[in-house]
Amino acid sequence: MEYNFKSIEDKWRKNWATEKTFKPEANSTKPKYYVLDMFPYPSGAGLHVGHPLGYIASDIYARYKRLKGFNVLHPMGYDAFGLPAEQYAIQTGQHPEITTEANISRYRDQLDKIGFSFDWDREVRTSEPNYYKWTQWIFKQVFNSWYCTKEDKAKPIAGLIERFNSEGNTTVKAVSDDTALFNAEEWKAKTSTQKEETLLAYRLAYRSETMVNWCAELGTVLANDEIKDGVSERGGHPVEQKRMMQWSMRITAYAQRLIDGLKTLDWTDAIKEQQRNWIGRSEGATIRFELASDALGIEQQLEIEVFTTRPDTIFGVSYMTLAPEHEYVSRITTDKYKEDVSNYIQKTKKRSERDRMSDVKTVSGQFTGAYVKHPFTGTKIPVWIGDYVLASYGTGAVMAVPAHDSRDFAFAKHYNLPILPVVTGGNLPEESHDGKEGKLINSSFLDGLEVKDATISSIAKIEEKGAGKGKIQYRLRDAIFSRQRYWGEPFPIYYENGLPKAMDDKDLPLRLPPVEKYLPTESGEPPLARAENWKTPDGNDFETNTMPGWAGSSWYFLRYMDATNDGAFVSKEAQSYWKNVDLYIGGSEHATGHLLYARFWMKLLFDLGFVSEKEPFKKMINQGMILGRSNFAYRVKDTNTFVSYGLKDEYDTTAIHVDVNMVENDVLNVNAFKGWRSDFANAAFILENGDYKCGAEVEKMSKSKFNVVSPDLIVEKYGADTLRMYEMFLGPLEQFKPWNTNGISGVNNFLRKFWRLFHDADGCFKVSDAKPLKEELKTLHRTIKKVQEDVEAFSFNTSVSTFMVCVNELTSQKCNKRSVLEPLVLLMCSYAPHISEELWSLLGHEDGVSYQKFPTFDSAHLVESSHTYPVSFNGKMRFKVELSLDLSKEEIEKQILTHEKSAHYLNGEKPKKVIIVPNKIINIVV
RNA sequence: GCGGAUAUGGUGGAAUUGGUAGACACGCUAGAUUUAGGAUCUAGUGCCGUGAGGUGUGUGGGUUCGACUCCCUCUAUCCGCACCA
């Protein structure tokens with residue numbers, strides 16, 4: 001019988017589904033292992049060959065762990081809320097739910113064809129009410145919590161109210177918006193509205209007027225990580241800064257714990273480093289500078305606070321710079337400079353965020369006429385404004401030390417301000433000396449100290465003087481949590497007297513209401529404002545914003561543990577058994593979005609006692625993207641004539657993406673092209689050697705570039721097992737690589753050869769029960785060893801090669817011994833499950849291959865031809881003999897003596913003594 | 001500018017962690033077979049050289065009996081962050 005992948009794959013796929021082969025055991029005594037893929041957003045384009053890459057890798061690992069005796073959880077679901085379905089709804093009026101449903105069923109079909117070992121009974125969809133019920137519930141927990149900095153954890157707000165009742169807020173140490181101090185009496189005297197307002201300043205989910213990234217084109221705000229190069233990540237639309245009332249979450253309260261937690265994670269350094277940079281911890285001090293009182297007609301005793309990471313350079317301050325938006329600018333500017341300052345502010349406002357980014361070299365600023373006093377010397381320091389200082393970081397003001405900060409240096413050079421060196425070293429006055437090495441000079445009590453020590457003692461002196469204090473500053477901002485969209489989770493929030501109130505648990509989920517149109521209202525309110533009767537039974541308005549995309553994806557990994565539970569987001573028992581994700585596979589593009597938010601929520605749920613783990617994903621592998629290879633045709637300008645790639649330089653042409661499915665080996669199927677689009681029906685072609693050659697380029701796969709290769713076609717032509725092995729064979733998992741189908745026949749050949757090992761010349765299934773030869777065992781055990789090492793190291797590409805070598809060797813050994821082939825099937829079944837399952841059943845086993853044990857290797861069989869080389873060692877000669885455990889001592893000696901390099905060491909004499917040590921190194925005393 | 005990564009044949013990529021560089025696969029060349037081939041099989045294939053031989057892992061240096069592997073220098077490419085004080 002020939003290898004008929006179609007019938008084999010259909011048969012086993014059905015069998016796995018009906019037998020529920022991949023359902024984890026309940027009440028298992030086995031150790032657990034949780035393998036998770038980042039769940040996909042079901043887009044209209046369907047899966048392309050890049051999507052399954054990570055899924056195949058995780059599937060191989062999940063199947064491997066199962067054979068290794070683990071109770072494996074390997075689920076899949078859909079991140080179903082999102083922009084494209086909503087934009088499609090805006091264009092067509094079709095409800096996003098219908099679009100999403102259709103896309104999901106297409107995804108499911110495609111996924112099913114590849115033979116994954118998912119437990120589909122645990123599927124989750126973030127847009128399902130029985131899922132987002134719990135997203136809303138978690139939001140409520142956040143809303144009803146505050147962050148205690150003393151215990152360094154989130155706590156229920158009810159406890160805070162009790163403390164306010166008994167002692168006010170004077171002893172409360174919390175992460176909160178600045179609020180005035182009050183005692184218990186004052187708290188009790190507040191009206192309920194005032195109390196709510198106060199509490200809102202403490203809640204971990206809160207509403208505030210915030211500067212947001214507003215994308216007019218998309219009609220919504222965007223998070224920082226949804227913006228790339230100043231435009232929206234989706235669609236590339238311009239983004240502007242705007243003040244709006246928004247929900248936010250106090251992720252900043254967790255900044256330090258999010259950094260500390262990274263140490264416990266088995267993630268790549270690149271991702272950890274990205275998160276560290278994003279959180280952006282810097283140690284330094286805040287220092288207050290008093291306004292010089294002799295400034296003309298300016299109010300006394302105003303202090304400007306700066307943040308600096310270099311308090312040691314305090315004596316090098318030669319001026320101060322405020323952000324143009326700094327609140328004191330108008331108050332301190334002297335009459336003489338009023339006009340210049342306001343002109344400058346106007347000018348910087350016009351510069352968009354994008355210009356500021358692309359043009360960081362231009363130095364600009366303006367003197368305000370005001371001076372501050374140096375806290376130690378009392379010297380007058382001029383105050384400038386400059387757009388190199390950001391209002392949103394630190395205090396929006398910097399003490400400028402041009403000698404030791406390159407930005408201050410450029411500014412000082414440009415405006416001719418003094419440059420005072422206070423640390424030795426560097427290349428002053430040509431450039432600033434930013435490095436933290438050298439000794440302090442010209443710095444009074446700091447003179448002679450190293451930078452490190454000077455930093456410590458300067459902070460101490462500043463604190464002693466009451467001029468400031470040591471401070472740790474983070475770049476991370478609170479996460480804006482509301483979106484002006486339809487297709488997202490509604491907030492479980494209504495408004496009473498203008499203040500937000502959380503709904504009762506029993507009223508959840510708050511379902512998305514039907515709306516006529518999916519656009520914002522004429523008055524600019526979000527789409528939910530169109531919903532009829534969007535009110536509580538008491539007539540209070542519901543929140544009209546919806547949650548951002550990351551809400552549902554920040555906890556889905558917990559839901560899989562107990563996907564159908566109606567009484568809790570996950571039961572205590574399920575969570576304490578599965579704990580957290582052991583292996584997470586997905587792209588690195590979520591480094592500062594999803595992966596940070598999920599960690600934040602996990603820690604918050606941990607603080608509140610809902611989960612037992614502090615981190616969601618223990619180990620993570622980031623698969624590289626598979627890129628597409630686009631093809632181009634070259635249209636001669638203003639004609640319908642296309643010129644072949646090699647001749648295009650003789651004409652004035654425009655390149656047009658052509659569908660890669662009409663191109664083979666860069667040769668265009670001209671007839672298919674004519675039928676592709678009506679305006680090409682009459683196209684003329686200038687050929688070379690009778691063919692139309694296309695140009696090619698590697699780009700991201702996308703519908704609009706017509707370079708999407710669907711896995712369906714590959715499965716159709718070669719089968720799922722070939723696709724699985726080929727995707728692994730393509731190269732290291734983590735690497736970005738272009739898709740090309742050139743090598744796929746090699747993998748397909750290999751599977752056919754593998755099949756033939758079990759069949760005789762007439763194609764009849766036939767294996768022998770004879771004892772295997774030494775050579776055959778060597779091949780087998782080497783393969784077991786290598787494959788196990790490769791799987792553990794996620795080097796799936798090399799193990800595919802290992803299989804090929806193994807099958808090639810067994811073929812040339814004409815080996816058809818059961819005792820060799822059976823373990824080989826078990827090795828292969830993670831990679832090519834369908835063919836393995838079929839062969840396993842042909843071998844006469846009733847239990848499926850997934851219920852077996854991973855074979856163990858016996859190093860006694862791993863005998864190589866020996867290889868000897870000399871190693872010098874403390875006057876003795878040391879020889880290393882590789883993999884020659886079966887050689888006799890005499891043989892080893894002979895090899896050493898006849899080794900070409902031996903003459904050099906032994907000078908023709910015989911060694912006095914030969915000592916063989918277990919690690920295959922032989923000491924020879926001369 | 002800061003941080004992370006990568007660099008090996010015509011191509012994708014191996015190398016047991018310091019031990020015969022180029023496994024495996026694609027491609028290519030020759031031969032066999034087939035009416036013909038996108039099919040199958042056999043042999044060859046880093047580069048230079050007819051050959052013996054020489055040479056070779058981005059550049060230059062170092063450690064070592066021995067370096068793709070370790071150390072230093074430079075170069076190129078990719079990714080992330082970026083006037084964060």
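In the text below, chain A, chain B and the rest are named by the order of the sequence lines, each starting its count at 1.
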Would you please say whether a donor-acceptor pair under 3.5 Å links the side chains of Ser432(A) and Asp405(A)? no
Atom-pair distance (NZ on Lys700(A); P on C79(B)), nearest Å: 11 Å
Residues at least two apart in sequence or cross-chain that pass ring pair (Phe, Tyr, Trp, His ring centres under 6.0 Å) with Phe803(A), listed by chain then number, are Tyr831(A)
Taking the same atom, C1', in G12(B) and in U20(B), what whole-Å distance lies between them? 24 Å
With nearest nucleotides of RNA chain B determined for Trp278(A) and Thr798(A) from heavy-atom distances, which residue corresponds to the more 5′ nucleotide? Thr798(A)
Is the base of G9(B) syn or anti, if syn means a glycosidic angle within 90° of 0? syn
Excluding sequence neighbours, so at least two apart, what forms side chain to side chain donor-acceptor pair (under 3.5 Å) with Tyr393(A)? Ser282(A)
Provide, to the nearest angstrom, the distance between the NZ atom belonging to Lys272(A) and the P atom belonging to G80(B). 21 Å
Establish, for the pair Arg475(A) and Trp278(A), whether the NZ or CZ atom is under 6.0 angstrom from the six-membered ring centre and no further than 45 degrees off its axis. yes
Considering only C81(B), A85(B), C24(B), which nucleotide approaches the side chain of Val805(A) most closely? C24(B)
Is the shortest side-chain N to carboxylate O distance from Glu789(A) to Lys786(A) below 4.0 Å? no
C1' atoms of G37(B) and U55(B), separation to the nearest Å: 41 Å
Hits for ring pair (Phe, Tyr, Trp, His ring centres under 6.0 Å) against Phe409(A), two or more places apart or cross-chain, chain-then-number order -> none
Which nucleotide in the set A14(B), C83(B), A85(B) lies at the smallest distance from any side-chain heavy atom of Phe307(A)? A85(B)
Under a 4.0 Å N-O cut-off, is there an ion pair linking Arg782(A) with Glu809(A)? yes
Between U73(B) and C24(B), how many Å separate the two P atoms, rounded to a whole number? 38 Å
Could you tell me the Watson-Crick or G-U partner of U57(B), where both distances fall under 3.5 Å? Say none if there is no partner. none
As a test of reading the structure: which of A85(B), C81(B), C26(B) is closest to the side chain of Ser282(A), going by heavy atoms? A85(B)
Nearest-neighbour nucleotide for the Leu390(A) side chain, G13(B), C24(B), A85(B) considered: A85(B)
Taking atom P of C81(B) as reference, at what distance in whole Å does atom CD of Glu589(A) sit? 12 Å
Please give the nucleotide sitting opposite G51(B) as a Watson-Crick or G-U wobble pair, both distances under 3.5 Å, or none. none
What string of B, S and - do you get for nucleotides 3-12 of chain B 5' to 3' if you count protein non-hydrogen atoms under 4.0 Å? SS-------B
Between A85(B) and A67(B) - C1' atom distance, rounded Å: 45 Å
Re G27(B): Watson-Crick or G-U wobble partner, both distances kept under 3.5 Å, found to be U45(B)
Work out how far the C1' atom of A25(B) is from that of A76(B), and round it to whole angstrom. 28 Å
Asn749(A) side chain: which of A15(B), U40(B), A85(B) is closest? U40(B)
Establish, from distance only, whether the side-chain atoms of Asp408(A) and Tyr388(A) form a donor-acceptor pair under 3.5 Å. yes
Phe796(A): which residues meet the ring pair (Phe, Tyr, Trp, His ring centres under 6.0 Å) condition with it, sequence neighbours left out? Phe794(A)
In terms of side-chain heavy atoms of Asn742(A), which of C83(B), A85(B), C26(B) is nearest? C26(B)
Using the P atoms only, state how far G53(B) lies from G19(B), rounded to an integer number of Å. 26 Å
Distance check needed: G27(B) P versus Ile744(A) CD1, whole Å only. 12 Å
Considering heavy-atom distances to RNA chain B, does Thr802(A) or Gly280(A) have its closest nucleotide positioned more toward the 5' end? Thr802(A)
Indicate whether OP1 or OP2 belonging to A85(B) is found under 4.0 Å from a side-chain N or O atom of Tyr393(A). yes
Across the strands shown, which category fits Arg752(A) at heavy-atom distances under 4.0 angstrom: base, sugar-phosphate, nothing? sugar-phosphate
For Pro738(A), which contact category applies under a 4.0 Å heavy-atom criterion: base, sugar-phosphate, or nothing? nothing
Does C65(B) have a Watson-Crick or wobble partner in any strand here, with both distances under 3.5 angstrom, and which is it? G19(B)
Give the rounded distance in Å between these two atoms: CD of Glu809(A) and C1' of C24(B). 12 Å
If you look at every strand shown and take non-hydrogen atoms under 4.0 Å, does Asn797(A) touch a base, only sugar-phosphate, or nothing? sugar-phosphate
Any idea if U59(B) is syn or anti, going by the 90°-from-0 cut? anti
Compare side-chain N and O positions of Asn622(A) against OP1 and OP2 of C79(B) and report whether any pair is under 4.0 Å apart. no
Report the base-pairing partner of G1(B) (Watson-Crick or G-U wobble, both distances below 3.5 angstrom), or none. C81(B)
Base paired to A32(B) (Watson-Crick or G-U; both N/O distances under 3.5 angstrom): U40(B)
For Arg782(A) and A15(B), what is the distance between atoms CZ and P respectively, to the nearest whole Å? 15 Å
If you measure from the P atom in U29(B) to the same atom in G4(B), how many Å do you get, rounded? 46 Å
Taking a pair to mean Watson-Crick or G-U wobble geometry with both distances below 3.5 Å, A7(B) pairs with U75(B)
Watson-Crick or G-U wobble partner of A14(B), both distances under 3.5 Å: none
Per Met804(A) side chain, nearest of listed nucleotides G80(B), C26(B), A25(B): A25(B)
Nearest-Å distance for atom pair CD/P, residues Glu431(A) and G1(B): 11 Å
Expressed in whole Å, how much space separates the P atoms belonging to C41(B) and G60(B)? 44 Å
Go through A82(B), A15(B), A85(B) for me and flag the one nearest to the Arg475(A) side chain. A82(B)
Qualifying residues under ring pair (Phe, Tyr, Trp, His ring centres under 6.0 Å), relative to Phe754(A), sequence neighbours excluded: Phe758(A)
Aromatic ring proximity, centroids under 6.0 angstrom, Tyr726(A) and Tyr718(A): no
To the nearest angstrom, how far is Tyr474(A) atom OH from C81(B) atom P? 21 Å
